[in-house]
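In what follows, a structure is listed as structure tokens, so that the remarks can point back to it.
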Amino acid sequence: MIEFYTEVRLVHVSSVIASGSLFALRGALTLAGSSLPQHPAVRYLSYTIDTVLLTAALMLLSMLHLNPLATPWLATKLVLLLAYIVLGSFALKRARTRNGRAACWVMAMIVLLSMVAIARAKDPLALLRMVVN
Ligand code: HEM
């Protein structure tokens with residue numbers, strides 16, 4: 001399966017971009033008072049992109065023989081993924097006030113960008129080093 005590494009990595013990174021862009025747009029529309037982000041077609045599109053993203057991630061783990069719990073940058077990504085999912089659900093639905101939704105939306109975007117920085121550097125402290133260096 002390793003012969004498809006480049007393609008699977010490209011699928012993973014492309015779905016990260018698609019997922020992040022769709023989330024940014026849904027958050028902005030939610031804050032503008034639109035109900036479009038909760039339309040079933042938009043929600044199913046989001047589930048589909050995230051399923052492709054995670055399937056490609058699992059394929060990469062298997063190709064590279066990586067155990068995410070024994071690889072600090074991957075373990076950090078998993079913890080941040082949970083934070084992203086929770087913050088995302090508050091940003092798009094659960095938060096009671098508009099300010100609460102806005103704060104969760106901004107924090108979710110920061111968490112997503114941290115995951116990209118950590119993946120690029122393969123270093124769980126990538127963000128900290130960017131600030132300190
Ligand atoms: C929204 C969540 C995620 C984001 C933003 C993200 C982001 C990225 C990015 C940008 C890369 C390319 C890094 C490079 O340039 O070398 C990458 C690669 C990778 N990601 Fe993710 N990822 C996410 C979720 C996951 C998950 C959940 C896993 C599995 C635990 C995972 C496993 C991997 C692996 C194994 C690679 C390939 C590393 C390599 O080529 O050596 N990713 N990810």
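As the structure lists them, so they are numbered: ligands from 1, and atoms in each ligand from 1. Residue indices begin at 1 and follow the sequence shown. Hydrogens, waters and symmetry mates play no part in the numbers below; they use all other heavy atoms, side chains included.
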Contacts table for ligand 1: protein N or O within a distance under 3.5 Å of ligand N or O, distances only.
from, atom 1, to, atom 2, distance (Å)
ligand 1, 15 (O), R9, NH2, 2.8
ligand 1, 15 (O), R120, NH1, 2.6
ligand 1, 16 (O), R9, NH2, 2.8
ligand 1, 16 (O), K122, NZ, 2.8
ligand 1, 20 (N), H12, NE2, 3.0
ligand 1, 20 (N), K77, NZ, 2.7
ligand 1, 22 (N), H12, NE2, 2.9
ligand 1, 22 (N), K77, NZ, 2.8
ligand 1, 40 (O), Y5, OH, 2.3
ligand 1, 42 (N), H12, NE2, 3.0
ligand 1, 42 (N), K77, NZ, 2.8
ligand 1, 43 (N), H12, NE2, 2.9
ligand 1, 43 (N), K77, NZ, 2.7

Tell me if a side-chain donor or acceptor on S46 pairs with a main-chain N or O of V42 at a distance below 3.5 Å.
no
Output yes when a side-chain donor or acceptor of Q38 lies under 3.5 Å from a complementary backbone atom of T30, and no otherwise.
no
Rounded to the nearest 0.5 Å, what separation is found between the CZ atom of F4 and the CG atom of L10?
14.0 Å
For a quick test of reading the model, state the closest non-hydrogen atom pair linking A95 to R101 and the distance between them.
O-NH1, 3.1 Å
Does some side-chain heavy atom of R43 sit less than 4.5 Å from a side-chain heavy atom of R26?
yes
Residues which pass salt bridge (Lys or Arg N to Asp or Glu O under 4.0 Å) with R120, listed by chain and number, not counting sequence neighbours:
none
